Amino acid sequence: MWRAARFAASRLSNRSTRPFSTAIPGPCMVHKRGADILHDPWFNKDTGFPLTERDRLGLRGLLPPRVISFEQQYARFMESYRSLEKNTKGQPEGVVALAKWRILNRLHDRNETLYYRALIDNIQDFAPIIYTPTVGLVCQNYSGLFRRPRGMYFSAKDKGEMMSMIYNWPAHQVDMIVLTDGSRILGLGDLGVQGIGIPIGKLDMYVAAAGINPQRILPVMLDVGTNNQKLLEDRLYLGLRQPRLEGEEYISIVDEFMEAVHTRWPKAIVQFEDFQMKWAFETLQRYRRRFCTFNDDIQGTAGVALAGLLGAVRAQGRPLSDFAKQKIVVVGAGSAGLGVLNMAVQAVARMSGNGEAAAKNNFFLIDKDGLVTKERNKIDPMAAPFAKDPGAIDGLREGASLLEVVKKVKPHVLLGLSGVGGVFNHEVLKAMRESDSAKPAIFAMSNPTMNAECTAEDAFKHAGENIVFGSGSPFDNVDLGNGKVGHVNQANNMYLFPGIGLGALLSGARIISDGMLQAASECLASYITDEDIQKGILYPSIDCIRNITVEVGAAVLQAAVAEELAEGHCEVGPKELMNMCKEEIVEYVTRSMWFPVYSPLVHEK
Ligand SMILES: NC(=O)C1=CN([C@@H]2O[C@H](COP(=O)(O)OP(=O)(O)OC[C@H]3O[C@@H](n4cnc5c(N)ncnc54)[C@H](O)[C@@H]3O)[C@@H](O)[C@H]2O)C=CC1
Ligand SMILES: CC(=O)C(=O)O
Ligand SMILES: [Mg+2]
């Protein structure tokens with residue numbers, strides 16, 4: 001069932017990052033001329049326009065005479081980035097992070113080709129700036145940082161207008177949309193319109209990891225108000241100054257947006273991101289059978305966590321079938337925590353063949369009120385299936401604290417998706433030393449860094465050096481002394497959502513099925529070699545995220561074909577997809593990925 005490490009070795013040979021391409025890129029049609037091109041980041045090449053192109057496009061005289069090559073421009077940008085790093089050394093972390101974000105954002109606003117090349121080639125350094133953790137800081141300060149709009153904004157005031165508004169977007173084709181209502185941005189709560197930074201960051205990862213053409217992405221903010229009093233009182237706040245819409249009023253706005261998008265771009269994939277839990281589940285159920293859509297926090301996170309949980313079983317030197325015997329404490333009963341539980345329980349049920357009721361026995365769910373049991377008043381219907389019988393474990397009652405649960409259960413895995421920084425305190429971590437596992441796993445998956453359930457250093461210090469550790473935001477590996485290293489994994493849905501979107505897009509699937517999501521998770525789980533697993537490495541390095549995404553995308557595409565959901569994409573029809581073997585699918589996915597090079601621009605009226 002789980003194709004474990006068998007395939008991993010063959011994949012390793014495939015991992016080099018693509019060098020500067022020497023192939024001559026095809027032409028790109030542009031409907032503008034002159035200064036309009038220089039001010040359009042999709043087409044702008046700055047000083048890189050060849051002289052013939054300057055003549056053809058009316059650019060002569062609008063640029064200094066010397067033509068600078070793409071490679072020189074890239075080197076120049078990286079030089080200024082590195083000197084900024086040097087010059088800001090010793091300054092407060094937040095100041096440095098925002099300075100780095102600004103220099104990248106300026107390039108993004110000016111020249112997207114160069115920006116994405118820099119991002120792809122330096123993904124390890126730049127992901128923490130354009131994605132978690134810095135993106136959280138950017139969202140918190142968005143109204144002050146705002147210079148130029150990016151993406152689209154649909155507000156409660158636009159009701160009845162969305163069908164026409166969607167045609168204001170300048171691109172003819174959109175493939176990938178990331179949508180938020182700003183109600184639960186990372187672990188930072190309701191940030192209203194300022195949450196737009198998240199769809200922007202996620203789509204940057206789509207371009208960098210999945211090679212989605214940046215002219216075909218669309219970050220969207222649905223501004224239905226905010227319940228964040230501080231923002232409502234902030235005179236610079238750029239969103240609607242009203243409390244969040246609720247109930248029918250709210251859902252009618254989302255309905256209208258979904259209809260508008262699919263009228264103009266019937267094949268566009270919509271990723272729901274950072275919606276508060278009640279609307280995350282409600283919208284997923286409402287749209288997943290009608291549109292090609294998924295919720296990243298529920299489904300993407302679940303797949304990444306499951307891959308990590310299976311890695312933790314392998315790290316103990318046990319067969320994957322032992323997953324059913326692992327005792328797992330999940331801290332956080334929100335969209336992410338419940339998404340993980342649902343997928344993990346299904347996996348246990350499949351592996352053990354004993355059904356879902358039995359599969360739940362070894363999972364323990366904790367929320368802000370402690371252990372969730374059937375005695376809980378007003379239990380959330382989504383959490384109810386995971387509520388324990390009170391007394392199922394001797395001495396553990398409704399609302400038992402995390403420390404009590406860890407001491408009694410002695411779990412193999414402690415997994416945090418609570419959004420609460422430091423909730424895995426020293427006592428809880430020390431209690432993990434008594435785990436029934438020889439290599440206990442600790443996942444502090446909440447973002448950004450301040451909201452992580454514990455730091456990597458504390459985890460290794462208090463829970464012991466034999467743990468395996470994952471965190472949602474990056475931490476440095478921990479020096480354990482004597483040349484030993486505590487490896488830090490980034491347990492983040494970034495390893496899956498780009499491949500889910502890419503595979504769904506290229507398959508032309510009508511919907512994103514559970515089978516497609518399971519295939520994505522299995523693929524990630526089988527990517528790591530046993531040798532790496534023994535070192536505590538559960539996820540590959542972010543440096544090879546493009547290669548991982550190819551594999552995940554191919555697995556998702558294959559699953560869509562197997563389930564007869566694939567309707568084909570562009571010139572590749574469903575029959576051709578059906579006739580492709582695994583290697584041909586991988587080759588097709590790789591070939592379909594956009595890569596940043598300057599294409600010759602051809603003016604078309
Ligand atoms: N690493 C990754 O890939 C991902 C990480 N996340 C992170 O997970 C966190 C939670 O996200 P959601 O589930 O969407 O949020 P949510 O708001 O829906 O759920 C939070 C849950 O944590 C519980 N909680 C709050 N305080 C607690 C405490 N002191 N002890 C135990 N539980 C407590 C709440 O009762 C609630 O059940 C966020 O920080 C988010 O950034 C979310 C998705 C992906
Ligand atoms: C990573 C992510 O999706 C989150 O923290 O919400
Ligand atoms: Mg999210």
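Keep in mind that what you see is a predicted model, and the values were worked out from it rather than measured. Each ligand, and each atom within it, is numbered from 1 in the order the structure gives. These values consider heavy atoms only, across backbone and side chains, with no hydrogens, waters or symmetry-generated copies.
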re atom 44 (C) of ligand 1, the protein heavy-atom contact at minimum distance is T301 OG1, 3.0 Å
Could you list the atoms of ligand 1 found under 4.0 angstrom from a heavy atom of V331? 31 (C)
Which residue and heavy atom of the protein sit nearest atom 14 (O) of ligand 1, plus the separation: S335 OG, 2.6 Å
Minimum-distance N/O/S atom that D297 presents toward the Mg ion (ligand 3): OD1
Please name the atom of D274, restricted to N, O or S, that is closest to the Mg ion (ligand 3). OD1
Just need the protein heavy atom nearest to atom 10 (C) of ligand 1, so name the residue and atom and give the distance. L417 O, 3.4 Å
Should the proximity of R184 to ligand 2, defined as any heavy atom under 4.0 Å, be assigned to the side chain, the backbone, both, or neither? side chain
Do F386 and F364 have their ring centres less than 6.0 Å from each other? no
For G472, the ligand 1 atoms whose distance to one of its heavy atoms is below 4.0 Å: 1 (N)
If you measure from the Lys or Arg side-chain nitrogens to the Asp or Glu carboxylate oxygens, is any gap between E246 and K278 under 4.0 Å? yes
Sub-4.0 Å heavy-atom approach of V420 to ligand 1: yes
In Å and rounded to the nearest 0.5 Å, what is the CD1 to CZ distance from I198 to R184? 8.5 Å
Part of D297 within contact of ligand 2 (heavy atoms, under 4.0 Å): side chain
Which atom pair, heavy atoms only, marks the closest approach of E356 to V345? O-CG1, 3.9 Å
Report yes or no: does N492 have a heavy atom closer than 4.0 Å to ligand 2? yes
Are R314 and D532 within salt-bridge range, i.e. N to O under 4.0 Å? no
Among all protein heavy atoms, pick the one closest to atom 5 (C) of ligand 1 and tell me residue, atom and distance. M445 O, 3.2 Å
Just heavy atoms, cut-off under 4.0 Å: does Y131 contact ligand 2 by side chain, backbone, both, or neither? side chain
Side chains of F323 and L306, heavy atoms from C-beta outward: is any pair under 4.5 Å? yes
Do me a favour and list the nearest non-hydrogen protein atom to atom 5 (O) of ligand 2 with residue, atom name and distance? N447 ND2, 2.8 Å
Exceeds 12 heavy-atom contacts within 6.0 angstrom, atom NZ of K327: yes
What is the closest protein heavy atom to atom 37 (O) of ligand 1, and at what distance does it sit? A333 N, 2.8 Å
With rounding to the nearest 0.5 angstrom, report the CD to CG distance, E248 to D255. 8.0 Å
At a 4.0 Å threshold, what atoms of ligand 1 neighbour a non-hydrogen atom of M277? 18 (O)
Would you say A336 has any N or O atom under 3.5 Å from an N or O of ligand 1, going by distance alone? yes
Before you tell me yes or no, could you show the steps for Y527 and Y539 under ring-ring contact (aromatic ring centres under 6.0 Å, His included), namely the whole-Å CA-CA distance, both residues' side-chain angles and the distance that decides it to 0.1 Å? CA-CA 8 Å; Y527 199 88; Y539 299 104; over 10 Å; no
Can you find a pair of side-chain heavy atoms, one from L414 and one from F424, that are under 4.5 Å apart? yes
Is it true that D458 and K430 have a side-chain N and a carboxylate O under 4.0 angstrom from each other? no
Can you label the angle between the H262 ring and the F291 ring as parallel, tilted or perpendicular, going by 30° and 60°? parallel
Less than 4.5 Å apart, any side-chain heavy atom of L222 and any of I253? yes
In terms of the angle between their ring planes, are F154 and F257 parallel, tilted or perpendicular, with boundaries placed at 30° and 60°? perpendicular
Quick one: sort the Y142 and F146 rings into parallel, tilted or perpendicular, breaks at 30° and 60°. perpendicular
Short N/O distance, under 3.5 Å, between N447 and ligand 1? yes
I need the atoms of ligand 2 closer than 4.0 Å to a non-hydrogen atom of L186, numbered in the order shown. 4 (C), 5 (O), 6 (O)
Honestly, for T301 the part within reach of ligand 2 (heavy atoms, under 4.0 Å) is neither
Which atom, among the N/O/S set of E273, is closest to the Mg ion (ligand 3)? OE2
Side chain, backbone, both or neither: which part of E273 comes within less than 4.0 Å of ligand 2 when only heavy atoms are counted? side chain
Of all protein heavy atoms, the one nearest atom 9 (C) of ligand 1 is S446 OG, 3.5 Å
At under 4.0 Å between heavy atoms, which part of N451 makes contact with ligand 1: side chain, backbone, both or neither? neither
Below a 4.0 angstrom heavy-atom separation, can you tell me which part of K202, side chain or backbone, both or neither, approaches ligand 2? side chain
In Å, rounded to the nearest 0.5 Å, how long is the span from CD of E273 to CG of N493? 6.0 Å
Mode of M494 contact toward ligand 1 - side chain, backbone, both, neither (heavy atoms, under 4.0 Å): neither
Any donor-acceptor pair under 3.5 Å from T134 side chain to P128 backbone: yes
Ion pair E404/R397, N-O distance below 4.0 Å: no
Distance from atom 20 (C) of ligand 1 to nearest protein heavy atom, with residue and atom: S418 O, 3.8 Å
Heavy-atom nearest neighbour of atom 18 (O) of ligand 1 within options A383, G136, G334: G334
Which residue and atom name correspond to the protein heavy atom nearest atom 3 (O) of ligand 1, and how close is it? N493 N, 2.8 Å
Counting only heavy atoms, which portion of P448 has something under 4.0 Å from ligand 1: side chain, backbone, both, or neither? neither
Aromatic contact between H108 and Y116, with the criterion being ring centroids under 6.0 Å apart: yes or no? yes
For ligand 2, indicate whether the residue I198 contacts it via side chain, backbone, both or neither (heavy-atom separation under 4.0 Å). neither
Which of the listed options, K368, E273, R184, holds the heavy atom that is closest to atom 35 (O) of ligand 1? K368
As an exercise, identify every atom of ligand 1 less than 4.0 angstrom from a heavy atom of G187. 38 (C), 39 (O), 41 (O)
